[in-house]
Amino acid sequence: GLSGPRSVRAQVVRAQVCQGPDSLSLSLSLSDQSQLSVQQRVFNIANELLHTEKAYVSRLYLLDQVFCSSLLEEARSRSSFPLDVVMGIFSNICSIYCFHQQFLLPALEKRMAEWDLNPRIGDILQKLAPFLKMYGEYVKNFDRAMELVNTWMERSSQFKAIVYHIQREERCGNLTLQHHMLEPVQRIPRYELLLKDYLHRLPGDHDDFKDAQKSLELIATAAEHSNTAIRKMERMRKLLKVYELLGGEEDIVNPTNELIKEGHILKLSAKNGTSQDRYLILFNDRLLYCVPKLRLIGQKFGVRARIDVDGMELKESSSINVPRTFLVSGKQRSLELQTRTEEEKRDWIQAIQATIQRHEQTLATFHHLNCSLRDEDYTPPNSPNCNELGKRAPTPIREKEVTLCMKCQEPFNSITKRRHHCKACGHVVCGKCSEFRARLLYDNNRANRVCIDCYTTLVGVPPSPASLTSSAYRRRSILEKQASVAAENSVMCSFLHHMEKGAGRGWQKAWFVIPENEPLVLYIYGAPQDVKAQRSVPLIGFEVSLPESCDRMERRFAFKISQSHLTLYFSADGEELQRRWTEVLSRAGRGEELQDHGSIIETLEEEGEETATSGENT
């Protein structure tokens, strides 16, 4: 009687599941769960997804419509704190809330209501999973958002009063704003776990198996961003703990540092061989040798010596008379250390050796990494590849087509951040990223200004260990999508003027792109050759309309997109361009699949001087 999805037993269990977790546990206690049919197990997982999604949407409502709205209203009406602070804390939470509340949750509710006719969820998740990319911006901003909350809770009594007032409400469940802000970071890994369980229960020949498998691949990618953010937060907490232990005297709290191991150890005196109590702290780039400080309350340590991992050597030095010892030597000094047990000695030796090996592997792969990055979308057209670097002249990028340094991605200015060309690859970079000189064969082996990546490739080693934390060796930001490459494979791209309602800034000209591989995200660049977008806007849930009289638009061919408390105004250089953008943005806002509208660049070139003149007269 358990074989068919319409069986009486299945219907009874289903009814009990829908009533809530208490009913579920009661129903499963009546019969061992192993007796449930495949259909029932799959249904239970799908139903759990629906119930957790409902709870999650209510939390997103709390973040967007309660916390964010209340703080925005205060910032706009009384200016008790800057508007940018609120936008910086909540990032793109309004887009995330809109996607789940208007698209994913209704789709799941509809499917569960018609489960007997169509028992599957993989197709829904496969269709909607790409939209989870919008979490990248939220996760990337999470650390900064937490810092802003902590800072303004101390700095502004009004900010603190609003947050505390909302936190005392019953719907907050006695949880802080920071706790609720963590939920979007944790939600994607939760989808991954549920989908893995769903696939595990699903027979390989089931109609939903392929869709569910594809969904899992898409969600796993998004989950990695969230898991990375969670690990990063944990790492920062450990660094802060050590920072306090050292009395705030050592500059160790930054994203590139990683705490490997810490603990008490004995130092053998070179004069008389006596042992002294010391504290050892191992990071990914240095070893700190610390001595206890005399304090009445709480243990603190002072740093006596620092040994860089670069150039560090480790040797065992135990003898019958002096057991459990090892020698750490580096560029700065050498230390003979002793542990209290053999196990402690083994742990320290393994940790230090692994750190040295990882550092050496990083140096070894640095050259290859530079080549691979150069040969991908960072290479200007017709520029030399890694093997030709320095042997032939590059095709330099026009300076006016770049507003950010193509290495560190800091904005240029005419005084402190001027533009320079790398004479090896042609990139437009700032002075700090091009303060290196290397001999180039195409210029009769004369020394030329080059960027850090080209220096490393041509010379064979990075200028210093610090260069390993440069832009060339880091996880690429969610906004690091080169404008020229995105434009070549785009649904739509062109220059527009734009302005955000309530931001306090006037009209600004920028380069806008909707990539083919992310047709529901709008990227905003300062110029067509920039390697990093200034901003990305997930479009799903936005409504597109023409400005109303109350908007007081002084520019022609204007239109706007609105969602929750975010409104962006745009102005095109012509009526046809305005029509195309409103059409594409409207379809993206409804979550519809977008087709390539052809090269808008070619269209603009055909319009030629007429379009340019129209832009000047606007």
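Source: prediction; values computed, not measured. Hydrogens, waters and symmetry mates are skipped; everything else that's a heavy atom, side chains included, is used.
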Closest approach of Val521 and Pro515, non-hydrogen atoms and distance?
-> O-CD, 3.5 Å

Check whether any side-chain N or O of Gln158 sits under 3.5 Å from a backbone N or O of Ala75 as a donor-acceptor pair, and report yes or no.
-> no

Here the pair of heavy atoms bringing Ser571 nearest to Arg556 is OG-O, 2.9 Å

So how far is it from Tyr135 OH to Arg187 CZ, rounded to the nearest 0.5 Å?
-> 7.5 Å

Would you please say whether a donor-acceptor pair under 3.5 Å links the side chains of Ser58 and Arg171?
-> no

How about Phe559 and Tyr569: are their ring centroids closer than 6.0 Å?
-> no

Heavy atoms, side chains only, cut-off 4.5 Å: are Arg111 and Ile124 in contact?
-> yes

For Leu148, what residues pass the side chain to side chain contact (heavy atoms under 4.5 Å, CB included) criterion, not counting sequence neighbours?
-> Ile89, Arg144, Trp152

With sequence neighbours left out, the residues meeting salt bridge (charged side-chain N to carboxylate O under 4.0 Å, His left out) with Glu435 are none

Are Arg190 and Glu48 close enough for a salt bridge, meaning some N to O gap below 4.0 Å?
-> yes

Should we say atom CG of Asn174 is surrounded by more than 12 heavy atoms from elsewhere, each under 6.0 Å from it?
-> no

side-chain hydrogen bond (donor to acceptor under 3.5 Å, both in side chains) partners of Arg419, counting only residues at least two apart = none

For residues Asn150 and Gln178, report the shortest heavy-atom separation together with the two atoms involved.
-> OD1-NE2, 3.2 Å

Considering all heavy atoms of both residues, which atom of Thr176 and which atom of Gln167 are nearest to each other, and what is their separation?
-> CA-OE1, 3.3 Å

Does anything in residues 72-81 pair up under side chain to side chain donor-acceptor pair (under 3.5 Å), and if so which pairs, sequence neighbours excluded?
-> Glu74-Arg78, Glu74-Ser80

Between Asp310 and His359, is a side chain to side chain donor-acceptor pair (under 3.5 Å) present by the stated rule, with each step listed?
-> CA-CA 7 Å; Asp310 185 43; His359 179 77; 3.2 Å; yes

More than 12 heavy atoms of other groups within 6.0 Å of Glu543 CD | no

Is the Phe103 ring parallel, tilted or perpendicular to the Phe99 ring (thresholds 30°, 60°)?
-> parallel

Any residue meeting side chain to side chain contact (heavy atoms under 4.5 Å, CB included) with Ser70, in chain and number order, not counting sequence neighbours = Ile162, Ile166

Residues forming a side-chain hydrogen bond (donor to acceptor under 3.5 Å, both in side chains) with Ser434, sequence neighbours excluded | Arg449

Output, in order, the C-alpha distance, side-chain angles, deciding distance and verdict of side-chain contact (heavy atoms from CB on, under 4.5 Å) for His180 and Leu62.
-> CA-CA 8 Å; His180 292 299; Leu62 200 59; 3.8 Å; yes

For Lys417, enumerate each residue passing the side chain to side chain contact (heavy atoms under 4.5 Å, CB included) test, keeping only those at least two apart in sequence or located in another chain.
-> Cys408, Glu410, Phe412, Asn413, Cys430

For Leu259, which residues count as a side chain to side chain contact (heavy atoms under 4.5 Å, CB included) partner, sequence neighbours excluded?
-> Lys238, Leu239, Val242, Glu262, Ile281, Phe283

Just checking, is any N or O donor in the side chain of Ser494 or Trp581 under 3.5 Å from an acceptor N or O on the other one?
-> yes

Is there side-chain contact between Gln563 and Ser95, with heavy atoms separated by less than 4.5 Å?
-> yes

Quick one: pull up SG in Cys433 and NE2 in His420 and give me the separation to the nearest 0.5 Å.
-> 10.5 Å

Does the side chain of Val584 come within less than 4.5 Å of Ile514's, by heavy atoms?
-> yes

Do Leu132 and Ile188 come within less than 4.5 Å of each other through their side chains, counting heavy atoms only?
-> yes

Are side-chain heavy atoms of Leu287 and Thr355 found at a separation under 4.5 Å?
-> no

Can you tell me if Arg555 and His497 form a side-chain donor-acceptor pair at under 3.5 Å?
-> yes

His100 and Tyr56 aromatic centres sub-6.0 Å | yes

Qualifying residues under side-chain hydrogen bond (donor to acceptor under 3.5 Å, both in side chains), relative to Thr403, sequence neighbours excluded | Asp530

Can you name the salt bridge (charged side-chain N to carboxylate O under 4.0 Å, His left out) partners of Arg155, sequence neighbours left out?
-> none

Contacts of Glu500 meeting side-chain hydrogen bond (donor to acceptor under 3.5 Å, both in side chains) (sequence neighbours excluded), chain-then-number -> Arg535

Are side-chain heavy atoms of Cys290 and Leu246 found at a separation under 4.5 Å?
-> yes

Considering all heavy atoms, the nearest Gln102-Gly541 contact | OE1-CA, 4.3 Å

Take Tyr138 and Ile96 through the side-chain contact (heavy atoms from CB on, under 4.5 Å) test and state the conclusion after the steps.
-> CA-CA 9 Å; Tyr138 184 88; Ile96 293 173; 3.8 Å; yes

Test ring pair (Phe, Tyr, Trp, His ring centres under 6.0 Å) applied to Phe570 and Phe512, step by step = CA-CA 11 Å; Phe570 303 92; Phe512 290 79; 5.5 Å; yes

Could you note down all residue pairs passing ring-ring contact (aromatic ring centres under 6.0 Å, His included) where residues 157-177 supplies at least one of them, sequence neighbours left out?
-> Phe81-Phe159

Do you know which two heavy atoms are closest between Met181 and Phe142, and how far apart they sit?
-> O-CE1, 3.4 Å

Give the intermediate values and the outcome of side-chain contact (heavy atoms from CB on, under 4.5 Å) for residues Lys560 and Ser545.
-> CA-CA 6 Å; Lys560 66 179 180 179; Ser545 61; 3.3 Å; yes

